[in-house]
Amino acid sequence: MLYAYAIGILIAGILNTFFGIAVFLKNRKAVSNIVYGLLSLAIVIWCYSWFAMLLVDNNDGFALFFARLLNFGAVFIPVFYFHWILSLINLDKNRKKNLLFAYILTFIFAILSWTPYYIKGVHSILFFPYWPSAGFFYILYLVFGYIIFSGYGVYLLLKHFPKFDYFKKNQIKYVILGSLMGFGGGAVNFFLMYKINPFGSFGNVGIFVSLGLFIPFTIPLTYATIKYRLMDIKIVFTEIMAVLVAITLFIDFIFSLLSSGFILSTIFKLVIFFIFAYLGILLIRGVLKEIKQREQMEKMAWDIRRAYEIEKKAKEELQRLDDAKTQFTMATQHHLRTPLTSMRGYIDLIMTGTYGKIPPKLKDPLEKFEISTKRLIKIVNEFLDISQFQLGKQVVSLKPGVKIEPIIKEIIEELKFEVDSKKLYLMLEKPDNIYEIKADEEKLKVALFNLIDNAVKYTPKGGVRITISDGDKIEIRIKDTGIGIAKQDIPQLFGRTFERGKEAKRVFTTGRGIGLYITGEIIKAHNGRIWVESDGLGMGSTFHVELPVG
Ligand code: ADP
């Protein structure tokens with residue numbers, strides 16, 4: 001059992017030696033590589049002395065020496081780890097004071113580690129013949145080194161995690177995993193130093209489980225290094241392998257040359273060496289190229305994802321703003337409507353003589369006042385309807401038994417004055433009995449009024465003919481002999497951009513281009529269809545409305 005454990009520690013030591021050297025050689029100038037090298041060195045001293053201590057046979061003096069040496073190594077682990085993390089996340093410049101404090105403390109621990117205040121002796125526990133016994137000051141190392149520096153390092157990784165880009169996040173995940181494995185697996189040792197068996201009757205199993213956790217802790221770190229280019233170790237491995245094989249081949253050639261001179265097999269070996277050297281260079285180049293390409297691809301993928309996220313956010317924000325704007329307009333319009341309604345009420349009362357006879361001088365201004373108020377109410381109502389349609393609110397409430405004819409007659413009546421003053425005709429053709437339909441009477445009137453009013457407005461000569469025909473659907477056709485509509489304007493006519501035709505602007509300057517949008521929405525809400533036909537400018541227009549029966 002003891003030997004199995006010792007071999008485990010030896011493997012951990014070898015792994016750390018190997019990875020530490022590889023990382024350091026890769027970039028001897030980068031702070032993170034240097035510090036990682038130092039961290040590996042501390043771990044390596046710790047592991048090898050631990051291994052040596054486990055193998056000491058009945059020699060307390062030797063055992064104590066290795067116990068102190070292993071703790072001497074361990075003293076440096078937290079500070080190098082802390083420094084390494086800081087350099088990984090580019091914080092080493094900002095936390096100089098923290099680092100200095102950590103190094104000074106470590107220096108003190110390093111001196112103390114050779115005194116009985118730190119390691120007071122050795123004892124046996126579980127199947128270990130020798131294990132270091134913690135001295136009085138050892139607790140300070142536990143608190144400062146182990147918990148505060150290492151804990152703070154992991155905390156910083158987690159804290160800055162959301163800010164990292166895609167690659168860094170992946171790397172850091174592995175770094176965190178490796179750190180937890182190393183520090184978690186190593187933590188068991190402390191209990192044993194205080195002669196506590198942390199796993200009770202599962203002591204031996206527990207010890208091996210934590211060893212199992214501890215040995216491979218460098219693997220996630222290395223995996224992160226290889227896969228996500230933490231320090232681009234892949235190329236180092238390739239180079240080492242190629243150089244090793246090349247050296248072997250070259251030595252083989254030299255030996256062959258020394259022992260037998262330039263005979264055929266020696267020449268053959270030389271050729272093999274050159275071929276390999278050539279292939280080795282190609283291999284290294286290939287790996288370099290692959291790494292570069294993968295990097296570019298990953299970066300591109302990351303950029304695309306980011307662009308997509310930004311666009312999505314912008315869209316959401318726009319939608320939110322649009323809704324907020326519409327809500328705001330709606331609220332404002334409600335406030336406008338209340339005083340307008342009361343104005344209209346009072347002017348009605350005045351005009352019907354409730355406040356006495358109207359003096360002849362006031363009659364004309366009051367009539368103008370009444371017309372303006374009504375127009376204003378219409379505008380506000382239109383705006384309110386638009387906002388509601390845009391918010392997807394139910395503006396129309398359908399009720400059965402609605403008759404079309406009276407609605408149209410009412411509209412004709414209301415427009416009579418204008419039709420007469422322009423000397424137009426406005427006529428209605430209809431079958432005797434028209435089916436009743438399901439509709440919102442008030443809104444349907446708004447829609448039909450807009451269409452008939454437009455026909456009158458945009459017809460300087462001739463007139464307007466309204467035809468109702470029914471079958472399985474009711475169709476209302478409003479045909480005028482007016483200015484007509486250009487072909488290219490037709491598709492936008494019912495849209496929410498409130499288009500107005502050029503000719504229309506000339507004929508009727510104060511139009512707003514919102515009537516047809518509302519009309520279209522109202523007809524859609526009645527499950528109907530609306531469309532327009534015109535042979536072009538000056539050729540008149542025909543608006544069609546189709547409504548379901550029943
Ligand atoms: P407005 O009449 O206030 O401009 P509408 O939404 O009712 O707003 O109409 C939008 C545009 O459609 C008008 O500006 C005009 O160019 C065109 N239009 C609508 N009805 C007719 C029609 N009967 N004849 C010619 N053009 C029309």
Side-chain angles (χ1 to χ4, degrees), residues 329 333 371-372 374-390 395-396 407-408 411-412 414-419 421-429 442-468 475-526 528-546:
T329 341
Q333 283 152 9
I371 292 170
S372 292
K374 281 184 181 160
R375 195 188 297 153
L376 205 53
I377 290 175
K378 185 169 180 277
I379 295 174
V380 170
N381 279 343
E382 277 174 355
F383 277 130
L384 201 59
D385 281 349
I386 290 179
S387 316
Q388 282 181 322
F389 278 126
Q390 288 184 352
V395 182
V396 167
I407 299 180
I408 294 185
I411 297 172
I412 292 179
E414 280 169 40
L415 290 171
K416 200 169 174 347
F417 179 74
E418 200 184 340
V419 171
S421 59
K422 284 174 87 175
K423 298 198 170 57
L424 301 174
Y425 62 85
L426 175 56
M427 56 171 91
L428 173 64
E429 274 172 25
E442 197 186 321
K443 297 291 176 199
L444 189 61
K445 185 179 167 188
V446 170
L448 294 175
F449 184 91
N450 279 337
L451 294 178
I452 300 170
D453 182 44
N454 274 348
V456 172
K457 230 164 45 185
Y458 295 116
T459 301
K461 257 203 334 261
V464 180
R465 180 190 304 269
I466 306 166
T467 323
I468 306 178
E475 197 194 326
I476 305 158
R477 229 169 309 134
I478 300 152
K479 186 176 164 63
D480 66 52
T481 57
I483 61 170
I485 303 169
K487 281 261 174 312
Q488 72 269 18
D489 289 343
I490 291 182
Q492 296 91 31
L493 227 46
F494 301 98
R496 68 184 270 194
T497 42
F498 313 139
E499 303 286 342
R500 294 201 70 208
K502 251 196 214 142
E503 183 62 13
K505 279 183 206 158
R506 208 177 53 75
V507 176
F508 187 75
T509 39
T510 55
R512 294 176 316 276
I514 51 180
L516 282 188
Y517 169 71
I518 296 180
T519 304
E521 293 296 314
I522 293 176
I523 299 301
K524 264 193 262 161
H526 279 78
R529 271 192 335 128
I530 182 165
W531 72 98
V532 60
E533 281 163 2
S534 173
D535 289 336
L537 288 178
M539 312 291 283
S541 331
T542 309
F543 281 79
H544 299 259
V545 171
E546 203 178 72

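Indexing begins at 1, ligand by ligand and atom by atom, following the structure's order.
For the pair Gly484 and ligand 1, a heavy-atom separation below 4.0 Å is found. Residue Asp480 places a heavy atom under 4.0 Å from ligand 1.
With a 4.0 Å cut-off on non-hydrogen atoms, Leu493 touches ligand 1 through its side chain and not its backbone. Under 4.0 angstrom from ligand 1, the non-hydrogen atoms of Ile485 all belong to its side chain.
Within ligand 1, the atoms closer than 4.0 Å to a non-hydrogen atom of Ala455 are 23 (N), numbered from 1 in the order shown. With ligand atoms numbered from 1 in the order given, ligand 1 contributes 22 (C), 24 (N), 25 (C) to contacts under 4.0 Å with heavy atoms of Ser541. For ligand 1 and Ile483, the ligand atoms under 4.0 Å from any heavy atom of the residue are 25 (C). Close contacts of ligand 1 with Ile514, meaning ligand atoms under 4.0 Å from a residue heavy atom, involve 6 (O), 8 (O). The ligand atoms of ligand 1 that sit less than 4.0 angstrom from a heavy atom of Leu516 are 5 (P), 6 (O), 7 (O), 9 (O), 10 (C), 12 (O), 19 (C).
Electrostatic pairing of Lys374 and Glu414 does not count as a salt bridge here, judged by no charged N lying under 4.0 Å from a carboxylate O.
Looking only at distances, a side-chain donor or acceptor of Asp480 sits under 3.5 Å from a matching main-chain atom of Ser541. With hydrogens and angles disregarded, a donor-acceptor distance shorter than 3.5 Å links the side chain of Ser421 to the backbone of Glu418.
Tested against Phe543, the residues Ile476, Asn450, Thr519, Leu516 include a single side-chain contact (heavy atoms from CB on, under 4.5 Å) partner, Leu516.
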- Task: Carefully, step by step, assess Ile407 and Phe449 under the rule side chain to side chain contact (heavy atoms under 4.5 Å, CB included).
- Result: CA-CA 9 Å; Ile407 299 180; Phe449 184 91; over 6 Å; no

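Side-chain atoms of Asn381 and Lys378 form no donor-acceptor pair, as typed in the model, at a separation below 3.5 Å.
In Lys416, the NZ atom is not crowded: 12 or fewer heavy atoms of neighbouring residues, nucleotides or ligands sit closer than 6.0 Å.
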